[in-house]
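Take a look at the structure set out below.
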Amino acid sequence: MKHFLSIQDLSADQLIDLVNLGDELKANRHVNPGSFTPLAHQCWGLIFTKSSTRTRVSFEIGVRELGGAVMFLSDRDLQLGRGEPIEDTARVLGRMLHGIIIRTDGHDTISRFAEMSGIPTINALDDDEHPCQILADLLTIKEKLGSWEGCKVIFAGDTDCNVARSWMWAAERLGFQLVLAGPEEFLPSAEYLKGFKSGNVQTETDLKAAARNADVLYTDVWVSMGKEEEATSRLDTLKPYQINQAIVDLAKPEALVMHCLPAYRDKEITAEVLERHADTIFQEAENRLHAQKAVLVRLAEGRSQ
Ligand code: CP
Ligand code: NVA
């Protein structure tokens, strides 16, 4: 693996390998700390043009735990923020850093960086996908349910957002059932859905119908970063797609409630349901660290080949 840009780019075997390695790294995190250093003598950069708590901290800790150093680069400080092209930024940083982790709007920007820099590039969220999140979610499902095989996963709310799209590619590759439950205007376009040939990805406008017998109820914010101007209409249209106790009661008794965080209580999820399922939701957040360490390890191996 040279880069980690999207779930779409990965095979089922690569996805399963990353989840399994994340699991192993988690189990061994406190065994001989400092003894496994595949990133020794390396410095990885983080370019974030959008806010982050979990992604930034988990990558900074992950790189350090694997023996590397990190440099956080905000677009407020880089010449990128004053109009220097991403291609020039990539060619400069590629000669100095050993890898880069980018959070920005356009998927093209991250792909161009990967192409022009020649160093391993990780997508830390863009408008199209949030692949790091889905790896952590899959690890959490494996830990909590044993496997995602045969699972019915419901993604409720804005089902055309980055996190939903990464879920769609995970279902396509791994074979579980994913039902996107949202209003017509927040379902992926027919054109986008054409790319999913397996029949594993379905859409449903009735959340109650979707939630019946679900193994996982998943939601994300209704107003993603960059969509703030649409906040009022989004909050109104998405109201019927809240994960509340009545919806949870329709799912299997042992169903997981998951959220990538940050959560807006009593919007996409009630405070009551979030607190009742906090164990799963914060385990998901912790798993960002372990799953992303797996990505870093595999990319470091790719460099040395
Ligand atoms: N879930 C997630 O990516 O969180 P941050 O925006 O805090 O990184
Ligand atoms: N869909 C959300 C995910 C945040 C982690 C956003 O893009 O803001």
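Because only heavy atoms are used, hydrogens play no part in the values below, and waters and symmetry mates are left out as well, while side chains stay in. All ligand and atom numbering here is 1-based and tracks the order in the structure.
- Annotation: Ser224 places an N or O atom under 3.5 Å from an N or O atom of ligand 2; distance criterion only.
- A side-chain N or O of Glu143 and one of Gln283 form a donor-acceptor pair less than 3.5 Å apart.
- The two residues Phe176 and Asn200 make their nearest non-hydrogen contact at O-CB, 3.2 Å.
- Contact atoms of ligand 1 toward Arg103: 3 (O), 5 (P), 6 (O), 8 (O) (distance under 4.0 Å to a heavy atom of the residue).
- Listed by atom number, the atoms of ligand 2 under 4.0 Å from Val221 heavy atoms are 2 (C).
- In this model, a donor atom of one side chain and an acceptor atom of the other lie less than 3.5 Å apart for Asn287 and Thr140.
- Residues Asn123 and Glu129 share a closest heavy-atom pair of ND2-O, 3.8 Å.
- Close contacts of ligand 1 with Cys260, meaning ligand atoms under 4.0 Å from a residue heavy atom, involve 1 (N).
- Note: an N/O pair closer than 3.5 Å links Leu261 and ligand 1 by distance alone.
- Residue-level proximity to ligand 2 for Asn162 is carried by the side chain, the only part with a heavy atom below 4.0 angstrom.
- In terms of protein heavy atoms, atom 4 (C) of ligand 2 is closest to Leu125 CD1, 4.0 Å.
- Side-chain contact check for Gln292 and Ser58: at least one donor-acceptor pair (N or O, by modelled atom type) lies under 3.5 Å.
- The His130 neighbourhood of ligand 1 comprises atoms 2 (C), 3 (O), with distances under 4.0 Å to a heavy atom of that residue.
- Between His130 and ligand 2, no N or O atom pair is found at a separation short of 3.5 Å.
- Polar contact check, Met225 against ligand 2: a nitrogen or oxygen pair lies under 3.5 Å apart.
- At most 12 heavy atoms of other shown residues, nucleotides or ligands fall within 6.0 angstrom of atom CD in Glu229.
- No cation-pi contact links Arg56 to Phe48, judged by a cut-off of 6.0 Å to the six-membered ring centre and 45° from its axis.
- Under a 4.0 Å heavy-atom criterion, Leu261 is in contact with ligand 2.
- By the 30° and 60° cut-offs, the orientation of the rings of Phe196 relative to Trp169 is tilted.
- Between Asp126 and Ile102, every side-chain heavy-atom pair lies at or beyond the 4.5 Å cut-off.
- For ligand 1, the atoms sitting less than 4.0 Å from at least one non-hydrogen atom of Thr53 are 5 (P), 7 (O), 8 (O), numbered in the order shown with element in parentheses.
- Nearest protein neighbour of atom 2 (C) of ligand 1, counting heavy atoms only, is Arg288 NH1, 3.3 Å.
- Atoms of ligand 1 found under 4.0 Å from any heavy atom of Arg54, numbered from 1 in the order shown, are 1 (N), 2 (C), 4 (O), 5 (P), 7 (O), 8 (O).
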